[in-house]
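Remember, it's a predicted structure, so these values are computed and weren't measured experimentally.
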Amino acid sequence: MTSTTKRKSPAPAPAPAKANVLTVTQEEGKSQERQKAELGLSSTVANAVTSSNFAQGSFGVVELSEAVGVMREKIARVKAGDLSDVEATLTAQAATLDTVFNELARRAALNMGEHLSATETYLRLALKAQAQCRATLETLAEVKYPKAATFVRQQNVAYQQQVNNGDDNATITRAGTRGREGG
């Protein structure tokens, strides 16, 4: 009689000490506690930590100081008006979501007629991926081709009240002639 044993995946090796260390230079005029607070509350550092943690599964240990440096460079490019990273990210995400949609739709089709609950689950997830893909592409289009701002002059009229948006000093009288307030 043969027995099968299930092998456990090896536990991930502990991260080297350098991976979770952020190298910080003491700034003149700031206490160490102040700098710690600024770093601890910095969205740049927090997102670099999160990105590093999630990237470990695919790329192994990502050093925190390097991750913060890359994150700061990306932010600087966006602030300077270079949205190429944003466009690349959105394009890649849309392509991935489209792939997820197609795979889930394929699985739904394979289960159709035999396993209705599995078909429904796969199809629901496929349509969610499709909707997210569409939203991502809309965002990409808005980044690449922003809508022009529209300024609308609006006139609100109520019983015995007239509000004109526009020239602050001019009013329109009932006769339709322009007059000056306070005059």
**Q** Restricting to non-hydrogen atoms, name the atom on Thr119 and the atom on Met112 that form the minimum distance, rounded to 0.1 Å.
**A**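 So the two residues come closest at OG1-N, 3.1 Å.
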
**Q** How long is the straight-line distance from CD of Glu120 back to CG of Leu125, given to the nearest 0.5 Å?
**A**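 Nearest 0.5 Å value for the CG-CD distance: 10.5 Å.
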
**Q** Taking all heavy atoms of Val143 and all of Leu90, pick out the closest pair and write down the distance.
**A**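 Between these two residues, the closest heavy atoms are CG2-CD1, 4.2 Å.
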
**Q** Any chance you could measure Leu110, atom CG, to His115, atom NE2, to the nearest 0.5 Å?
**A**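 Atom-to-atom, Leu110:CG and His115:NE2 are 10.5 Å apart.
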
**Q** Report the residues that fulfil side-chain contact (heavy atoms from CB on, under 4.5 Å) with Asp98, sequence neighbours left out, ordered by chain and then residue number.
**A**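 In terms of side-chain contact (heavy atoms from CB on, under 4.5 Å), with neighbours along the sequence ignored, Asp98 is linked to Phe101, Asn102, Cys133.
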
**Q** Enter the distance from Gln130:CD to Leu97:CG here, rounded to the nearest 0.5 Å.
**A**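 The CG atom of Leu97 is 11.0 Å from CD of Gln130, to the nearest 0.5 Å.
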
**Q** Does any N or O in the side chain of Thr136 come within less than 3.5 Å of the main-chain N or O of Ala94, such that one atom is a donor and the other an acceptor?
**A**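 No, the answer is negative, given that no donor and acceptor are paired below the 3.5 Å cut-off.
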
**Q** Identify whether Leu140 and Val78 are in the same connected component of the hydrophobic contact network (ILVMFWY, side-chain heavy atoms under 4.5 Å).
**A**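 Result: yes, single cluster for both.
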
**Q** With the 4.5 Å side-chain cut-off for hydrophobic clustering, are Leu39 and Val68 part of the same group?
**A**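 In one cluster: yes.
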
**Q** Does Gln35 have any side chain to side chain donor-acceptor pair (under 3.5 Å) partners at least two apart in sequence or in another chain, and if so, which?
**A**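 If we apply the side chain to side chain donor-acceptor pair (under 3.5 Å) test to Gln35, skipping adjacent residues, the hits are Gln26.
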
**Q** Look up atom OG1 in Thr139 and atom CD in Gln93, then write down how far apart they are to the nearest 0.5 Å.
**A**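 It comes to 9.5 Å.
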
**Q** Working to the nearest 0.5 Å, report the span between OG of Ser42 and CZ of Arg72.
**A**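 Output value for this atom pair is 6.5 Å.
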
**Q** Identify the two heavy atoms, one from Ala67 and one from Ser52, that lie closest to each other, and give their separation to 0.1 Å.
**A**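 Smallest heavy-atom distance, with atoms named: CB-OG, 3.2 Å.
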
**Q** Give, for atom OG1 of Thr50 and atom CE of Met71, the distance between the pair rounded to the nearest 0.5 Å.
**A**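 The CE atom of Met71 is 8.0 Å from OG1 of Thr50, to the nearest 0.5 Å.
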
**Q** Other residues, nucleotides and ligands only: do more than 12 of their heavy atoms fall within 6.0 Å of CZ on Arg106?
**A**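 Yes, CZ of Arg106 has more than 12 neighbouring heavy atoms, counting only those of other groups under 6.0 Å.
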
**Q** Does atom CD of Glu87 have more than 12 heavy-atom neighbours from other groups under 6.0 Å away?
**A**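 Enclosed.
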
**Q** Can you list, pair by pair, the side-chain donor-acceptor contacts under 3.5 Å of residues 79-86, counting residues two or more places apart and other chains?
**A**
unit_1, atom_1, unit_2, atom_2, d
Asp82, OD1, Ser84, N, 3.0
Asp82, OD1, Ser84, OG, 2.8
Asp85, OD2, Arg77, NE, 3.1
Asp85, OD2, Arg77, NH2, 2.5

**Q** Between Glu38 and Leu41, does a side chain to side chain contact (heavy atoms under 4.5 Å, CB included) hold up when you go through it step by step?
**A** CA-CA 5 Å; Glu38 286 177 354; Leu41 298 174; over 6 Å; no

**Q** Might you work through the salt bridge (charged side-chain N to carboxylate O under 4.0 Å, His left out) test for Glu33 and Lys36, ending with a clear yes or no?
**A** CA-CA 5 Å; Glu33 290 77 27; Lys36 252 194 246 183; 5.8 Å; no

